[in-house]
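Scroll down for the structure; my scribbles are underneath it.
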Amino acid sequence: MEEKLLDLKDLALEEINDAATLLDIENLRVKYLGKKGELTKILKGMGKLSAEERPVIGKIGNEVRDAIEEHLNTKREELKEVAKAEKIAEEVIDVTLPGKKQEIGRRHPITKIVDQVSDIFVGLGFSVAEGPEIDTVHNNFDALNAPKDHPSRDMSDTFYITNDLLLRTQTSPVQVRTMMKETLPIKIISPGRCFRRDTPDATHSPMFHQIEGMVIGKDVTMAELKWTLEEFVKKLFGENTKTKFRPHNFPFTEPSAEVDVTCFKCGGVGCPTCKGEGWIEILGCGMVHPNVLRNCGIDPEIYSGFAFGVGVERLAMFKYEIDDIRLLFENNKRFLQQF
Ligand code: DAH
C-alpha cells in the first residue's frame, strides 16, 4: 500500500507539473484529492490493515495528500502569474506611439464671406431668401427685363438644360421669385451659387457665388440704396472705407451703378492688392426697373425699390489676398487651412 501511495504521489506531481491552465489544476485536484479521487480510493483499503500498519500508512497518506496539495497550490500560483503577465502584455499601452490627430474642420473662405455679409444685412433688418440653382429662362432673363438678344442669353454663355430651364447665371431670379410670392414691403438678401460657361482662369470659374439684395416698398429711393451699401461696405472693410458709384447699365435696374470701394489694404493710395488703382469694384446695383416690378405684379406707380448683386469670390479674393479664383475650388487642405 505504501508503494501504491508513493506511486500515486509521483504520478500526481508529474501531472501537476505538466498542467498548462488553471482548469487543468482544478481537474487534477478533483482527480487526486476529491471525495471520489485516487487517494481516497487507496485509503479505503486501510480497513484491511493491521493495527500496527494503519498509523504508518495513515501518516504516509497524509504526507502524500500534503505534498499533492502543496504542489497544486504552487503550480496554481505560478499559472495565475503567467495569466496575469499575459494579460498585462496584451493590454500594454505603448506611450511612445504617435497619437491619432483629431482634425477639426473649418469654414471655407466663401462660406465665411457669405456668413459675414449675411450677418451685416440681417443686422440692417434684411431676411435671407433662397432660390434654386436650376431656374427658368423666365425668372433668370425675361422677367428681369433682359432684351431677347442680350448676349448673356447665348448658348455660349449660359448652361441650358432645356429651352425653358437653365443653371441660373445670377442670383437675380430670386428677386422675381420673392416679389411673386411675398407681401410688400420686401427686404431680402439671397446668397447662392451661379453658373456661366466660362473657361476657368485666374479670375473666372464656371461656378461662382453671388449675394443678391433687394428692397421694395413705398418711397424707396436711391439715397437709401447709397446709405445701405455704404453701411455694408464700412462694416465689411472698415469704418474709413469710401464708396464711389459709377454709372453702369443693367437690364433690371434704372438707373444702374457699379460700386467701387477704397482699397482696404492701402486706403486708396494704390498697392498690389488694388493693382495700383486705390479702388476696388465690388458690386452692381440700381433702382429696380419699372418693367421688372410690372413683370412681378407690382405697380411701379405706387412702389419702388433698389437691388444689388455682389460677387462673393471677388470679396473673398480681396479680403484674403488670393490671386487665383481656382484655388477656392481645388479643395487643397493646405491652402484652405490658412483661413
Ligand atoms: N446680376 C448682376 C450680375 O450678375 C449683378 C447685379 C447688378 C444684381 C445690379 C443686381 C443689380 O440686383 O441691381 O452681374
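What you see below is based on every heavy atom in this structure, not just the backbone, and it leaves out hydrogens, waters and symmetry mates. Atoms within each ligand, like the ligands themselves, are counted from 1 in listed order.
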Checklist outcome for this item: A student checking ligand 1 against Gln175 at a 4.0 Å heavy-atom cut-off should list atoms 12 (O)
Checklist entry - Taking atom types as modelled and ignoring hydrogens, do the side chains of Arg65 and Asn62 form a donor-acceptor contact shorter than 3.5 angstrom? => result no
Checklist entry - Does one side chain, of Asn331 or His108, offer a donor that lies under 3.5 Å from an acceptor on the other? => result no
Item to check | Polar contact flag, side-chain donor to acceptor under 3.5 angstrom, Gln170-Gln210 | outcome: no
Checklist entry - Out of curiosity, is Met214 lining ligand 1, as in a heavy atom under 4.0 Å away? => result no
Item to check | Distance filter under 4.0 Å to Gln210 heavy atoms, resulting ligand 1 atoms | outcome: 3 (C), 4 (O)
Item to check | Presence of salt bridge, Lys234 and Glu230, under 4.0 angstrom | outcome: no
Item to check | Protein heavy-atom partner closest to atom 1 (N) of ligand 1 - residue, atom, separation in Å | outcome: Gln170 OE1, 2.8 Å
Checklist entry - Which atoms of ligand 1 are found less than 4.0 Å from any heavy atom of Ser172? => result 1 (N), 8 (C)
Next on the checklist: Taking 4.0 angstrom as the limit and counting only heavy atoms of Phe250, give me the atoms of ligand 1 inside it, by number and element.
Outcome noted: 7 (C), 9 (C)
Next on the checklist: Assess the residue pair Ser304 and Thr221 against the criterion (side chain to side chain contact (heavy atoms under 4.5 Å, CB included)); give the C-alpha distance rounded to whole Å, side-chain angles, the decisive distance to 0.1 Å, and a yes or no.
Outcome noted: CA-CA 7 Å; Ser304 57; Thr221 66; over 6 Å; no
Item to check | Side-chain donor-acceptor pair present, Asp157, Thr169, cut-off under 3.5 Å | outcome: no
Next on the checklist: Under 4.0 Å from a heavy atom of Gly286: which atoms of ligand 1 are those, numbered in the order shown and with their elements?
Outcome noted: 13 (O)
Checklist entry - What is the closest protein heavy atom to atom 11 (C) of ligand 1, and at what distance does it sit? => result Phe252 CE1, 3.5 Å
Checklist entry - Does NZ or CZ of Lys226 come closer than 6.0 Å to the centre of the six-membered ring of Phe245, within 45° of the ring's axis? => result yes
Next on the checklist: Heavy-atom contact check, 4.0 Å cutoff: does His248 meet ligand 1?
Outcome noted: no
Item to check | Contact atoms of ligand 1, heavy-atom distance to Thr253 under 4.0 Å | outcome: 13 (O)
Checklist outcome for this item: heavy-atom search around atom 12 (O) of ligand 1 in the protein gives Glu212 OE2, 2.6 Å
Next on the checklist: A side-chain contact here means heavy atoms from C-beta on lying under 4.5 Å apart; do Arg246 and Trp279 qualify?
Outcome noted: no
Checklist outcome for this item: Closest to atom 9 (C) of ligand 1 by heavy-atom distance, out of Ala307, Gly284, Cys194, is Gly284
Item to check | Arg153 and Asp142 ion-paired at < 4.0 Å | outcome: yes
Item to check | Protein contact to atom 14 (O) of ligand 1 [nearest heavy atom, distance to 0.1 Å] | outcome: Arg196 NH2, 4.0 Å
Checklist outcome for this item: among protein heavy atoms, the one nearest atom 5 (C) of ligand 1 is Gly309 CA, 4.0 Å
